[in-house]
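Okay, structure first, notes after.
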Amino acid sequence: MIQQVASGIYSYLPLGWRALRKIEDIVRQEMNRAGGQELMMPVLQPLELWQETGRHLAFGKSMFTLSDRRERKLCLGPTHEEVLTDMVRRNVQSYRDLPLLLYQIQTKFRDEPRPRGGLMRVREFTMKDLYSLDADEEGLDQNYRKMIQAYSDIYSRCGLSSLLVEADSGAIGGKDSHEFMVIADSGEDVVIHCNRCHYAANVEKAQSIKSKAADEDPLPLEEVATPGMKTIDEVAGFLGVPPSRTLKAVFYAADGELVFALIRGDLEINEVKLRNTLKASELRLASEAEVQGAGLVAGSASPIGVSGIKIVADDSITLGANFVAGANKPDVHLRNVNPRRDFAVDLLADIAAARAGEACPRCGDQLLSTRSIEVGHIFKLGTFLSEKLGALFLDQDGVSHPIVMGCYGIGIGRLLAAIVELNHDERGIMWPATVAPYHIYLCPLYMDNPQVISVAEKLYGELEAAGWEVLFDDRRESPGVKFNDADLLGLPLRLTISPRTLESQSVEVKGRGQKEARLLPLETAVATVKELLASS
RNA sequence: CGGGGUGUAGCGCAGUCUGGUUAGCGCGCAUGGUUUGGGACCAUGAGGUCGGCGGUUCGAAUCCGCCCACCCCGACCA
């Protein structure tokens, strides 16, 4: 199907390529049906265009860059908003030119830190990317809904049941964003969802209702010795308080600046939320040296009395009182710490990771979590890019406005991988008929028998004439070898011809998912195949 | 980038610790023959910069150093 060339770089072999093209066809049909117009934009892009929007910073090292012979900086497009917006600003003048849905199926390059999972996460991949261009938010909303419908249709035609979840918009930017997920244990993503009200979100984005830890009057601040106690569990256990009555400090470097992140001890920090809150493009844990250099004591760090560091706190610190927190001295903590009274924070926001078991932010029911594969991602970009690049139009009154944009992506190779992941057994792949590289595995046995060959060739011709794609296994291999390869390839239908089936003027048929084969009379075989494939 | 691991025939591996004939095994491949309803068998044969460079040694797949590639776990995304 596929073969690795280098880390995150693959060749498609003939069968894999056929399946990929089937998926592309489905995607193309649904995009056209939704009113999309196909076009083609270049992989090779001038870096200046990215400097205009500033997004080369957000992509950072993920962007492959190069220079031409005149030392002009170019990049291999990780996505195409810049090129498209540039095209649009030169062609769209009036509200009469809108709305517009433009798409392509094109190669993208992203120098991923760690390619993995075969085709799941690669550095060169084909993506269908559609861009919606509207005069106003209502138009965007309408197209956004239209795309959600088209995407659902695509996945179901590919034999997958998809789940629409709220998502973080990441490096692409924009405000509203959703992902299409396929439930799979092997997936890299985690979805937090609620079965009662159907709230569903990527963990990166998911919220939950935070419990109230305590409701009591503030007591006076008090130092306690905590020899050797550093982690929340150690400190809480030693002092005999639940973790929810403590405050946890974690240090990050956000675009090089040290940040003091504070959260209630029973919760974990969601780094995506934190990065968004800080509006940072790069976020990582601070090194020990950086923490010490700022005069902080890891294990006993305290928001009280620190200065010169930005403090970002999760809003959970307001849901309680009289917390235990560090004293910024080794082996000492403070009791009865109360936010506001004892220290101030620079930013107070939701930076906590939602977890299964917590309460749904919509209905309060218990949240669940599932691993999943992200097979599509859509964004309401708004006017961010059109403003940066000056993609404007004149309305009825001759007033200039930025175009309202949306973008909608499906990774074709990843979708292929997800289909295989969800449609296989211990013997091999079980292709849905819609995306199978061929419909039928034609399997003549005893190839030295002239009658077998002539009947097989005749049947092959009739099936092709009826519009079916047939893989003719003309190898002189034993039945066992052919049957096993048929299962491995996983085409929906296997037709076997042998001296035995010819005795009754019939052909044997077996669906890939079926245990038993059955005999069909030769003269009605082609007609029956149609029924069988329609139902698979 | 941090942590762990692996590089020996097309694929999967043994040999490396303890240096010493011509570097093995299974699968696959080629030729001939016998076979054939769920991965047949016999015979013969082809196929190797032992990841690369350098060092130690009479002698290196094996010891030492540097580099590279790939895989897995974490920070990134269709």
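Keep in mind that the numbers below use all heavy atoms, side chains included, and drop hydrogens, waters and symmetry copies. Each chain gets a letter, A, B and so on, in the order the sequences are listed, and its residues count up from 1.
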Whole-Å distance between B:U35 C1' and A:D448 CG? 10 Å
A:K510 side chain, from C-beta outward: closest of B:C77, B:G38, B:C76: B:G38
Find the partner of B:U6: check Watson-Crick (N1-N3 plus N6-O4 or O6-N4) and G-U wobble (N1-O2, O6-N3) distances, both under 3.5 Å, and reply none if neither fits. B:A69
Salt-bridge test for A:R121 and A:E188: reply yes if a basic N is under 4.0 Å from a carboxylate O, no otherwise. yes
With both distances kept under 3.5 Å, what pairs with B:G59, Watson-Crick or G-U wobble? none
Within the structure shown, what part of the strands sits under 4.0 Å from A:G411 by heavy-atom distance: base, sugar-phosphate, or nothing? base
In whole angstroms, how far is the P atom of B:C76 from the CG atom of A:L274? 11 Å
For the C1' atoms, the ones on B:C53 and on B:G7, what distance do you get once it is rounded to whole angstrom? 16 Å
Gap in Å between the two C1' atoms, one belonging to B:U8 and one to B:U31, rounded: 28 Å
With sugar-phosphate meaning primed atoms plus P, OP1 and OP2, does A:R427 contact a base, only sugar-phosphate, or nothing at under 4.0 Å between heavy atoms? base
Checking side chain to side chain contact (heavy atoms under 4.5 Å, CB included) between A:V507 and each of A:V526, A:L520, A:T528, A:V529, which is the one that passes? A:L520
Check whether A:R371 reaches the backbone of A:G187 with its side chain - one donor and one acceptor, N or O, closer than 3.5 Å. yes
Between B:C29 and B:C68 - C1' atom distance, rounded Å: 30 Å
Who does B:C13 pair with, Watson-Crick or G-U, both distances under 3.5 Å? B:G24
Per atom distances to the A:P479 side chain, the nearest of B:U36, B:C77, B:G39 is B:U36
Would you state whether a donor and an acceptor, one from the side chain of A:R110 and one from the base of B:C77, lie under 3.5 Å apart? no
For a quick check of understanding: with a heavy-atom distance under 4.0 Å over all strands, which category does A:D129 fall into, base, sugar-phosphate or nothing? nothing
How many whole angstroms separate atom CZ of A:R284 from atom C1' of B:C1? 10 Å
Short side-chain donor-acceptor distance under 3.5 Å, A:E30 and A:Y151: no
Is there a side-chain polar atom (N or O) of A:Q4 under 4.0 Å from OP1 or OP2 of B:C71? yes
Measure from the side-chain heavy atoms of A:R414 and tell me the nearest of B:A78, B:G38, B:G39. B:A78
B:G39 pyrimidine/purine six-ring stacking with A:F483, under 5.5 Å and 30°: no
When you compare B:C63 with B:U16, how far apart are their C1' atoms, in angstrom units rounded to a whole number? 10 Å
Ignoring hydrogens and geometry, is there a side-chain-to-backbone donor-acceptor pair from A:S162 to A:Y155 under 3.5 Å? no
Do A:V190 and A:N202 touch side chain to side chain, with heavy atoms closer than 4.5 Å? no
Check: A:I2 and A:S11 side chains under 4.5 Å, non-hydrogen atoms: no
May I have the distance from A:D473 (atom CG) to B:G38 (atom P), rounded to whole angstrom? 16 Å
At under 4.0 Å between heavy atoms, what does A:T501 touch on the DNA or RNA strands: base, sugar-phosphate, or nothing? base
Would you say A:Q104 and A:D129 are linked by a side-chain donor-acceptor pair, where the criterion is simply a distance under 3.5 Å? yes
Does B:C50 have a Watson-Crick or wobble partner in any strand here, with both distances under 3.5 angstrom, and which is it? none
From CD of A:E271 over to C1' of B:C77, roughly how many Å is that when rounded to an integer? 16 Å
Classify A:V122 by what it touches in the nucleic acid, base, sugar-phosphate, or nothing, heavy-atom distance under 4.0 Å. base
In whole Å, what separates the P atom of B:A14 from that of B:G5? 16 Å
With a 4.0 Å cutoff (strictly under), does any side-chain N or O of A:S478 reach OP1 or OP2 of B:U35? no
By the Watson-Crick or G-U definition, both distances under 3.5 Å, B:U36 is matched with none
With rounding to whole Å, what would you report as the distance between B:G33 and B:G26 at their P atoms? 25 Å
Distance check, C1' atoms only: B:A43 and B:C11, in whole angstrom units. 25 Å
Nearest-angstrom distance from the residue atom NZ of A:K108 to P of B:C76: 22 Å
Any A:R116 side-chain nitrogen or oxygen under 4.0 Å from OP1 or OP2 of B:C71: no
For A:E374 and B:A78, give me the distance from atom CD to atom P, rounded to whole Å. 5 Å
With distance as the sole criterion, do the side chain of A:R114 and the base of B:C72 form a donor-acceptor contact below 3.5 Å? no
Checking contacts here: which listed nucleotide (B:G38, B:G39, B:U36) is nearest the side-chain heavy atoms of A:Y446? B:U36
Taking the C1' atom of each, how far is B:C13 from B:U57, in whole Å? 30 Å
Could you pick out which residue, A:N484 or A:D189, lies toward the 5' side of RNA chain B when each is mapped onto its nearest nucleotide? A:N484
Counter-base of B:A30, judged by Watson-Crick or G-U geometry with both distances under 3.5 Å: B:U44
Which whole-number value in Å describes the distance from A:I373 CD1 to B:C77 P? 19 Å
